[in-house]
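In what follows, a structure is listed as structure tokens, so that the remarks can point back to it.
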Amino acid sequence: MLKEKLKDSVNRVLQKMGIEEEIEFKIEIPPEGFGDLSTNAAFLLSRIMKKNPREIAASFVAELQKEPEYDRVEIAGPGFINVDFSSSYLSDVLREMLSCPEFWREPKSVDIQFEFASANPTGPFTVGHGRQAVFGDVLCRIFSSRGYRVQREMYINDAGRQINLLGRSLWVRYNQLLGSEIDLPEDGYQGDYLIDMAREFIEKHGEKFKDTWNPQVEALFKDYALNNMLTDITGTLNDLGVRFDNIFYESSTIKDGTVENVLGKLQKSGLVYESEGARWFKVSQFCEDDDKVLVRSSGSYTYFMTDIAYHTNKFERGFVKVYDIWGADHMGHIPRMKAAMKALGFPDDFLNIIIHQYVNLKREGEVVKMSTRKGEFTTLDELVESVGVDATRYFFAMFDPDTHMLFDIDLAKKKSNENPVFYVQYAHARITSIFKTASEKGVVLDTDSMELLSTDEERNLVKLVSMFPEILDSIVLDYRTNRLTSYLEDLSRVFHAYYNKYIVVDPGNVKTSGARLALCESVKNILKGGLELLGVSAPESM
RNA sequence: GCGCCCGUGGCUCAAUGGAUAGAGCAUUGGACUUCUAAUCCGAGGGUUGCAGGUUCGAAUCCUGCCGGGCGCGCCA
């Protein structure tokens, strides 16, 4: 809002100067003591106009000073233009934000889809899956707040050889429990969870499949294992506050003929050829990557093939854009998928792939690696149980997705204030408490005398609150949810300092108290809204 | 070997090419007869992996090294 104002002003001056080029100038909060906001427009212009930046800045100052919204406009350093807003304008902005407590929410108008937490349902979710689930969910919440109608979807890889292996592994465990000496397949799933599952299987279905292996038995064990894992996974996610609008099965793309359809389309375009008994897609025609197999010499479809079909299905469902969140190990899958989308004639910006790095786990001072197949991991369930939903979610959201994060289990278990989530929640609880005191003392919020908010801290808070929509917009562009946590921590920090320095509720000074309550209300709205976007609770008291 | 990601105080992380590189934790000195001390105020702690380059200006962009991660399957 304040940024918008200055942006408009600068644009107006640019127009007046007769600048026709697009200038991508920036508006930012300058370091302490340089004013409310600042722009670098003069630097960018100096390149075009071949003039000294300070000289250009001077003509900006002359123009901006004419506008009543600014109290002070100054040139600083090599050519920064710094402005201070008038307190009456700041009051207007604050009033506007209070009149619409969720002013940062935009009406939903564009249909998009997020696909995340898609995984082989071959084991309980690990801490690593947790990062993706929370990250994806938080992105969905943020996109929803900024004008997108978002569908959350999870894709289940139930058609491949991994799921067959899972069924076989369960069957082996079943037999082992019943006394047969059979070993797990070499690359089978070794985790104890399959032993538990086998035990339950025996209770439900008895011993009649002992030493019996045929296609019917295989299908039975496979389905049993798959459904059990799925219940387990969705239960875990549900506990974490992550819920999906739709679950999509890979196998359905084969059953309903989408795969054959899409394959036919690609073949018609001459982009498929046969070699060594397999059918290949000409990825190399679209990018610097090798051609990939669509149909194996055995006749079965590769993951690549079904994934193309799946994304064709998404396109046909009418989404303007789809976002896939993948772990870093899927990086190699990007060029071929992009190539396939191009081959099918979908718009270049239809498929958007967001890659995030892995989670390393630190336990008892040591970094541990996780492997589902070997059964060595800390499950997401265990993590949530010991750390709590709020801390788990906050922690996953607070890292740049591009960085490898280290999750220190022992630290997280401490439930101490070493976790910044408490810092933000406490600010919210404090404000709630202020309002409790205010109503006890009969002091009420008052938006008529907000010009009394004149301290640096108060101006700062108004500025920060008004920046919230822009923070969310920046996340829509670069997916860095940590911008939200950083922002909330900033806002909380400024508020805590303010709280310690000034008394909000003072029955002897009703006017100032009323104005300060108005400010607190606006901070509280943002803290509450921001925590909600993170899926973290905003406690009334702590 | 090739491709992508990362490298910032002791630790975990910030910083849309901008001004004096910021927080939290840890260390340390202060502040509760006053709206919640899960807080605040102060101190110490940095050659932003290394070396060049681009420009008014570089943690950020380019090149080359060094170190870590992930790919490079008729796995998913």
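In what follows, chains carry the letters A, B, and so on, assigned in the order in which the sequence lines appear, proteins first and then strands, with residues in each chain numbered from 1.
Ring geometry for F281(A) against F286(A) counts as parallel: the plane angle stays under 30°, on a 0 to 90° scale with 60° as the upper cut.
Side-chain proximity of N500(A) to the nucleotides rC35(B), rC40(B), rC70(B) is greatest for rC40(B). The nucleotide whose nearest atom lies closest to any side-chain atom of Y426(A) is, among rA15(B), rA19(B), rA37(B), rA37(B). Candidate nucleotides rC6(B), rA15(B), rA19(B) were compared by shortest atom distance to the side chain of N482(A), and rA15(B) ranks first. The Y423(A) side chain lies nearest to rC40(B) when the options are rC4(B), rA38(B), rC40(B). Among the nucleotides rG18(B), rC13(B), rA14(B), the one closest to any side-chain atom of L406(A) is rC13(B). Among the nucleotides rU39(B), rU16(B), rU34(B), the one closest to the side chain of I503(A) is rU34(B). The side chain of K26(A) sits closest to rG18(B) out of rG18(B), rC70(B), rA37(B).
Judged by distance alone with a 3.5 Å cut-off, no donor-acceptor contact links the side chain of S486(A) to the base of rA23(B). Contact of S297(A) with rC74(B) (side chain to base): a donor-acceptor pair of N or O atoms is detected under 3.5 Å. A donor and an acceptor atom sit less than 3.5 Å apart, one in the side chain of N82(A) and one in the base of rA19(B). Looking at H330(A), its side chain has no donor and acceptor atom pair within 3.5 Å of the base of rG71(B). Evaluation of atom-type donor-acceptor distances gives no pair under 3.5 Å for the side chain of R336(A) against the base of rG3(B).
Neither side chain, D232(A) nor Y193(A), offers a donor N or O lying under 3.5 Å from an acceptor on the other.
In this structure, rC32(B) shows a glycosidic angle within 90 degrees of zero, which is the syn conformation.
Residue R480(A) places no side-chain N or O under 4.0 Å from the OP1 or OP2 atom of rC13(B). Taking side-chain N and O atoms only, R54(A) has no distance below 4.0 Å to OP1 or OP2 of rC56(B). An OP1 or OP2 oxygen of rA23(B) is reached within less than 4.0 angstrom by no side-chain nitrogen or oxygen of R493(A).
Contact annotation for A438(A): no contact, since no heavy-atom pair falls under 4.0 Å across all strands. Within 4.0 Å (heavy atoms only), H496(A) reaches sugar-phosphate atoms of the nucleic acid but no base atom. Within the nucleic acid shown, D400(A) comes within 4.0 Å of sugar-phosphate atoms alone, with no base atom in reach, counting heavy atoms only. Counting non-hydrogen atoms under 4.0 angstrom, F435(A) reaches nothing in the nucleic acid.
F396(A) pairs by the ring-ring contact (aromatic ring centres under 6.0 Å, His included) definition with F407(A), not counting sequence neighbours.
Under the 4.0 Å criterion applied to side-chain N and carboxylate O atoms, E540(A) and K436(A) are not assigned as salt-bridge partners. In this structure, R480(A) pairs ionically with D400(A), as a charged nitrogen and a carboxylate oxygen lie closer than 4.0 Å.
Spacing of P atoms, rG73(B) relative to rC62(B), comes out at 27 Å, to the nearest Å. When the C1' atom is used for both rA19(B) and rG24(B), the distance is 25 Å, rounded to whole Å.
Within the cation-pi definition used here (under 6.0 Å to the ring centroid, within 45° of the axis), R430(A) qualifies as a partner of Y499(A).
No option in V421(A), L534(A), V138(A) other than V138(A) meets the side-chain contact (heavy atoms from CB on, under 4.5 Å) test with R393(A).
In terms of heavy-atom proximity, M154(A) sits nearest to F244(A) at N-CD2, 3.5 Å.
Counting to the nearest Å, the P atom of rC56(B) and the CZ atom of F43(A) are 11 Å from each other.
Remark: V505(A) in residues 505-521 of chain A come within less than 4.0 Å of RNA chain B through at least one heavy atom.
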